[in-house]
Amino acid sequence: MDTHDQQTNAFRYGSTVANELESRWQSHWQAEHVFQIGNPGDEGFDANKPKFYCLDMFPYPSGAGLHVGHPVGYIGSDILSRFKRMNGFNVLHPMGWDAFGLPAEQYAIETGIHPAKTTQKAIDTFRAQLQKIGFSYDWSREFATIDPEYYKWTQWIWLKAYNAWFDQETQAAKPITELIAQLDEGTRECEGTPWNERTAIERAQYIDDHRLAYLGTQVVNWCPKLGTVLANEEVIDGLSERGNHPVVRRPLKQWMFRITAYADRLLSDLEGLDWPSSTLRMQREWIGRSEGADIFFDIEGSDQSLLVYSTRPDTIFGATFMVVAPEHELIQEVLANPTSECDIDAIGEYVNTAKNRSDVDRMADTKEKSGLFTGLYAINPATNERMPIWVADYVLMGYGHGAVMAVPAHDQRDFEFANAFGLPVREVVKSIDGCDDECFSGKGIAINSTSDAVSIDGQETDEARQTIIEWFEANAMGSSKTNYRLRDWLFSRQRYWGEPFPVVFDENGLHYPVSSDALPVELPKLTDYEPIESEDPLPLLAKAEDWLRTTAGEAGVDPSLLHPDTPVTREANTMPGWAGSCWYEIRFCSPHDNARFVDKEAEQYWMGDGVDLYIGGAEHAVLHLLYARFWHKILFDLGEVSSKEPFTKLFHQGLLTSYAFQRANKSLVPVHQVEERGDVFVDTETGEEVERVIAKMSKSLRNVVNPDDVIEEYGADTLRLYEMYMGPLEASAPWNTRDIVGVHRFLQRVWRLGIDEQTGELRSDLADESNDAVERALHATIAKVTEDIPNLSYNTAIASMIEFVNTATSESSITRDQLARFACLLSPFAPHIAEELHAKLGNDTSITFEAWPSFNEAMLTSDVIELPVQIMGKVRGKIEVPADASQEDIETLAVQDEHIASLIEGKTIRKIIVVPKQIVNIVAN
RNA sequence: GCCGGAGUGGCGGAAUUGGCAGACGCGCCGGAUUCAAAAUCCGGUUCCCGUUAAGGGAGUAUGGGUUCGAGUCCCAUCUCCGGUACCA
């Protein structure tokens, strides 16, 4: 660079100027605690001001650090937070770390470095990277889920659930002590053996079976490679979601959460949430409520009956056979007492294969139905016919009762099965709209559905269903039943890097809670994190022998429950990665409260009506959001929080994609090693032509862009603007380094508008009087930006600011006052440059608390407006009319326009449509 | 397979209730500045026909429809993305 130029442009807005002022303002914000917000009751906190709780889904800090995709949502929430502050809101905008989980532990296995160390390092990296982007977080509220002061309360909430039960009558959780008291007093009956005839152990058993957090034996997804069990949701196509390792099914005793008890409320409370409709639908489908009936079928020659669930009890006349799952208890009996009609060896083998079959294999041939006849027959109560009972793996043990009545004429799967094995098909529902598919599963009119016992012929499906259920109920053969796809939540993991459970076991295997004043139960130190591979899965914490075996007193069990000297074994499983994120939004209200999990007053103020905006990726649409809602509802029922839903408004930012390049053999070429030559992309090292694909940013695709690099080259304000300018916040868009310069030039023009590039000081030639065109443009921009920000329509807000700057630049006119108002508009988006302009304009307080500029409606319209004139819907000319012109005047002006007149000459005007301030359309031919 | 969402210039995208399609930015073209380059500034840029013009034609995935008027509404088809996967 030439020396001369360097002098003239010494204060031009570029990377040097941007980086200098950005780090200066970041230090200022931190030193002055600009974004620190108090709580009700704190000195200087005005609780009468409206509040805005703006929350980002906190990140899992990986060792690799941030890439430019991470901050997209954070920038979005930061803009709204800053906007709300300028509009007089108390804004809670915190950040923290979801820091327990598998990756750190995997890394520990490889390197032997303690996960706490690597995690802390990753957190420091993330924090430093985030701070360079200039977010307005209240860092004084920062915490990580691995902090013992935090997970102490995660354990405390678990204990709350452990010590609670779900009362079906009131549909709410209550302390388990109430259940015990009611049973003791006899105000509540218990199923089975009466309460007062039970032994102490039987009573404990009964109570344990009612806890919200309970120990259950479940067929679980055991992943030998990861050395842990996984929730259904963490298994995709028979492989672990993380790492793609094979998963096998085996029964195991595990801590569970009774989330199914809340199925109805989790479903109905979705109503009224301001969430993306796709996410609402996914949650509804995940819960999977269905209405139908439980029906008992007598088994021929047995006093037992077979229970099935059906959503179409009205098709019972069309049931021609029954199917049970390989795991069904009836199969055990068949194997023990086979009839002559079945092939006992084949069944044994089939059941065994099905059991050991991994889900991958099961998926592979979903089309082909397999199964065997069991030799048993059930009696159809409607027709009194014998129906063969088959065993087949298309019936799942985990849903309904693991048995179905097969209606091949009206269920696709039953139809395929019937076809494969030559079983009869009987049509019992006639489609109304004439659909005559061989298998019709829609609603229609019942036919062929009459017997001595009951008739539903001629009834429409809904009515038929009602009639048949009433008949079942009258004859004790069945009853209406609501079913859910949702299963209870498997909450134990066998890994090290998670929250320990605050519970111990005595020699008899009975469990006792650690009392809450003994929390947290801290993780013991381990030197070896290698998963324990064994036939019988063992938790990793079992390696910490000294920690594991202790006494009740040492562990902190209430002496009234267990004598302090009693030897006990600690629970060696840990909680899953989801645990910490189930309630962090609550903790942010009072993150350093040592007395309670959250300060009551602070919770009421910030979360009384939930989080006002929750921004995060759509990948959490089901699991995290469902789990967090579930925990929230438990806490709500127990009177610990004041809202029934945690997140009032939810928004998913789009995925930031990036170009990746691959050679003909599909191998990947690093982005920086590719050059665009004409229409093609070329590997600069080999000269080979490569293909460009759009993909998620990832290390493996070698297409990761680091925000630090972008900031170094253009500054944080440019990075923020570019990410918001790429398109709508909710849409995914490809990162294109080439485009960044556009918004950087915009900031350069903003800077030049107010700052002398030679001196770096405020221009001495700013206008004294406001230019009307500039003032009008400013009002239009204020109106647009003010409207767009609450809708998170940042791309169009930025476009409008660019337009203003282009106008002011071409008019070469801006006053101090106009510049000051524009700096306010810009400040949520590009806070550093805005602070600098604000300061240079002579202010000594942060722009953060400046009042948001207002606009004048009258400045948005002009006296004369231009109207396009169409003939037969095609624009043929334009006329200028006074803004208040009457319909008649406009019509006259339109037909008198020279060009228009020449075009309609000789034609008959049929009609003239005038849309005020929009358009004129002349219908003439 | 089923359920959602989306298809607009060379590219990212605008067009809030049907009313000038392509705002704004990138790229590209031309010019200014410069010894030169970068940077910056100014102008142009949907495509086709028209000598640069005036002007005209086509055009929002495809084919139909409703309407004075359709990117927007309706029907059918295609493509892409997301969710889900025997849930009885």
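What you are looking at is a predicted structure, and each value in this text was computed from that prediction instead of being measured. Residue numbering restarts at 1 for every chain, and letters A, B, ... go by the order of the sequence lines.
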Original post:
How would you label the contact of Lys874(A) with the nucleic acid (heavy atoms, under 4.0 Å): base, sugar-phosphate, or nothing?
Top reply: sugar-phosphate

Original post:
NA contact type, Ile913(A), heavy-atom cut-off 4.0 Å: base, sugar-phosphate, or nothing?
Top reply: base

**OP:** Give a yes/no answer on whether the side chain of Arg738(A) brings an N or O atom under 4.0 Å of OP1 or OP2 in G12(B).
**Re:** no

**OP:** Would you tell me whether Ser290(A) and Asn483(A) have side-chain atoms, one donor and one acceptor, within less than 3.5 Å of each other?
**Re:** no

**OP:** Starting from P on G1(B), measure out to CG on Asp411(A) and report it in whole angstrom.
**Re:** 19 Å

Subject >> More than 12 heavy atoms of other groups within 6.0 Å of Tyr399(A) OH >> reply: yes

Subject >> Rounded P spacing from G22(B) to A14(B) in Å >> reply: 15 Å

Original post:
OP1, OP2 of U40(B) versus side-chain N and O of Arg745(A): anything below 4.0 Å?
Top reply: yes

Original post:
So what does Arg289(A) touch, heavy atoms closer than 4.0 Å: a base, only the sugar-phosphate, or nothing?
Top reply: nothing

Subject >> Atom CD of Glu712(A) with >12 non-hydrogen neighbours under 6.0 angstrom >> reply: no

**OP:** Tell me which nucleotide among C20(B), A88(B), C68(B) gets nearest to the side chain of Tyr399(A).
**Re:** A88(B)

Subject >> Any Tyr725(A) side-chain N or O less than 4.0 Å from OP1/OP2 of G25(B) >> reply: no

**OP:** Determine the Euclidean distance between corresponding C1' atoms of G5(B) and A21(B); express it in Å to zero decimal places.
**Re:** 23 Å

Subject >> Between P of G57(B) and CG of Leu903(A), the distance in whole Å >> reply: 9 Å

Original post:
Taking the side chain of Arg485(A) as its heavy atoms from C-beta onward, which of C11(B), C20(B), U84(B) lies nearest to it?
Top reply: U84(B)

**OP:** Please tell me which of Ile922(A) and Ser290(A) maps to the more 5' nucleotide of RNA chain B, matching each residue to the nucleotide holding its nearest heavy atom.
**Re:** Ile922(A)

Subject >> Distance, nearest 0.5 Å, that separates CG of Leu825(A) from OG1 of Thr786(A) >> reply: 6.5 Å

Original post:
Gln758(A) CD to U40(B) C1': how many Å, rounded?
Top reply: 13 Å

**OP:** Considering only atom P, compute the distance from C26(B) to G65(B) and round it to an integer number of Å.
**Re:** 42 Å

Subject >> Distance, rounded to the nearest Å, where Gln412(A) contributes CD and G1(B) contributes P >> reply: 13 Å

Original post:
Is there a side chain to side chain contact (heavy atoms under 4.5 Å, CB included) between His779(A) and Glu857(A) once you walk through the steps?
Top reply: CA-CA 8 Å; His779(A) 279 259; Glu857(A) 223 32 88; over 6 Å; no

**OP:** Mind checking Arg876(A) for me? I need base, sugar-phosphate or nothing, with any heavy atom below 4.0 Å counting as a touch.
**Re:** sugar-phosphate

Original post:
How close or far is atom C1' of G25(B) from atom CH2 of Trp735(A), stated in whole angstroms?
Top reply: 14 Å

Which atom pairs link the protein and nucleotides 3-6 of chain B when you take only N or O atoms and keep those under 3.5 Å?
| unit_1 | atom_1 | unit_2 | atom_2 | d |
| --- | --- | --- | --- | --- |
| G4(B) | O2' | Arg281(A) | NH2 | 2.2 |

Original post:
With rounding to whole Å, what would you report as the distance between G18(B) and U33(B) at their C1' atoms?
Top reply: 49 Å

Original post:
Do Asp414(A) and Tyr394(A) have side-chain atoms, one donor and one acceptor, less than 3.5 Å apart?
Top reply: yes

Original post:
When all nucleic acid strands are considered with a 4.0 Å heavy-atom cut-off, which category describes Gln870(A): base, sugar-phosphate, or nothing?
Top reply: base

Subject >> Between A88(B) (P) and Glu416(A) (CD): distance, integer Å >> reply: 16 Å

Original post:
Which residues pass the side chain to side chain contact (heavy atoms under 4.5 Å, CB included) test with Val17(A), sequence neighbours left out?
Top reply: Tyr13(A), Leu21(A), Trp751(A)

Original post:
Between atom NE2 in His899(A) and atom C1' in G55(B), what is the gap in whole Å?
Top reply: 8 Å

Original post:
Taking the chi torsion of G9(B), is it syn (within 90° of 0) or anti (everything else)?
Top reply: syn

Original post:
When only distance counts, do a donor and an acceptor, one from the side chain of Asn921(A) and one from the base of C68(B), lie under 3.5 Å apart?
Top reply: yes

Subject >> Thr279(A): side-chain hydrogen bond (donor to acceptor under 3.5 Å, both in side chains) partners, not counting sequence neighbours >> reply: His652(A)

**OP:** With rounding to the nearest 0.5 Å, note down the distance linking CD in Glu713(A) to OG1 in Thr718(A).
**Re:** 10.0 Å

**OP:** Could you measure between the two C1' atoms, the one in G82(B) and the one in G10(B), and give it in whole Å?
**Re:** 28 Å

**OP:** Taking only the side-chain nitrogens and oxygens of Asn483(A), find out if one of them lies under 4.0 Å from OP1 or OP2 of A88(B).
**Re:** no

Subject >> Side-chain (Arg720(A)) to main-chain (Ile79(A)) donor-acceptor, under 3.5 angstrom >> reply: no

Subject >> Pairwise P distance, G71(B) and U17(B) [rounded to whole Å] >> reply: 15 Å

Subject >> C1' spacing across the pair C35(B) / C48(B), given as an integer number of angstrom >> reply: 44 Å

Subject >> Distance (rounded to the nearest 0.5 Å) between Leu486(A) CG and Leu626(A) CG >> reply: 6.0 Å

Original post:
Start at the 5' end of RNA chain B and walk down; is the nucleotide closest to His744(A) or to Gly400(A) reached first?
Top reply: His744(A)

**OP:** Assign Val915(A) to base, sugar-phosphate, or nothing according to its heavy-atom contacts below 4.0 angstrom with the strands shown.
**Re:** base

Subject >> Test side-chain hydrogen bond (donor to acceptor under 3.5 Å, both in side chains) applied to Tyr484(A) - qualifying residues, sequence neighbours left out >> reply: Asp264(A), Arg289(A)

**OP:** From the options C41(B), A14(B), C68(B), select the nucleotide whose nearest atom is closest to the side chain of Val923(A).
**Re:** C68(B)

Original post:
Can you list the steps and then say if Asn795(A) with Met726(A) is a side chain to side chain contact (heavy atoms under 4.5 Å, CB included)?
Top reply: CA-CA 7 Å; Asn795(A) 54 331; Met726(A) 293 171 75; over 6 Å; no

Original post:
Going by the angle between their ring planes, with limits at 30° and 60°, are Phe417(A) and Trp390(A) parallel, tilted or perpendicular?
Top reply: perpendicular

Subject >> Among C24(B), C20(B), A88(B), the nucleotide that comes nearest once only the side chain of Glu866(A) is considered >> reply: C20(B)

**OP:** Pick the P atom in A38(B) and in C29(B), then give their distance to the nearest Å.
**Re:** 12 Å

Could you list the protein-to-nucleotides 15-17 of chain B atom pairs, N/O on both sides, closer than 3.5 Å?
| unit_1 | atom_1 | unit_2 | atom_2 | d |
| --- | --- | --- | --- | --- |
| U16(B) | N3 | Glu787(A) | OE2 | 2.4 |
| U16(B) | O4 | Glu787(A) | OE1 | 2.7 |
| U16(B) | O4 | Glu787(A) | OE2 | 2.1 |

Subject >> RNA chain B: stems of at least 3 consecutive Watson-Crick or G-U pairs whose donor-acceptor distances fall under 3.5 Å >> reply: B:1-7 with B:78-84, B:10-12 with B:24-26, B:27-32 with B:40-45, B:46-49 with B:55-58, B:61-65 with B:73-77

Subject >> Any donor-acceptor pair under 3.5 Å from Thr657(A) side chain to Ala733(A) backbone >> reply: yes

**OP:** Classify the nucleic acid contact of Asn806(A) as base, sugar-phosphate or nothing, counting any heavy atom under 4.0 Å across all strands shown.
**Re:** sugar-phosphate

Original post:
Is Ser800(A) touching bases, backbone alone, or none of the nucleic acid, heavy atoms closer than 4.0 Å?
Top reply: nothing

Original post:
CD of Gln283(A) versus C1' of U84(B): gap in Å, rounded?
Top reply: 15 Å

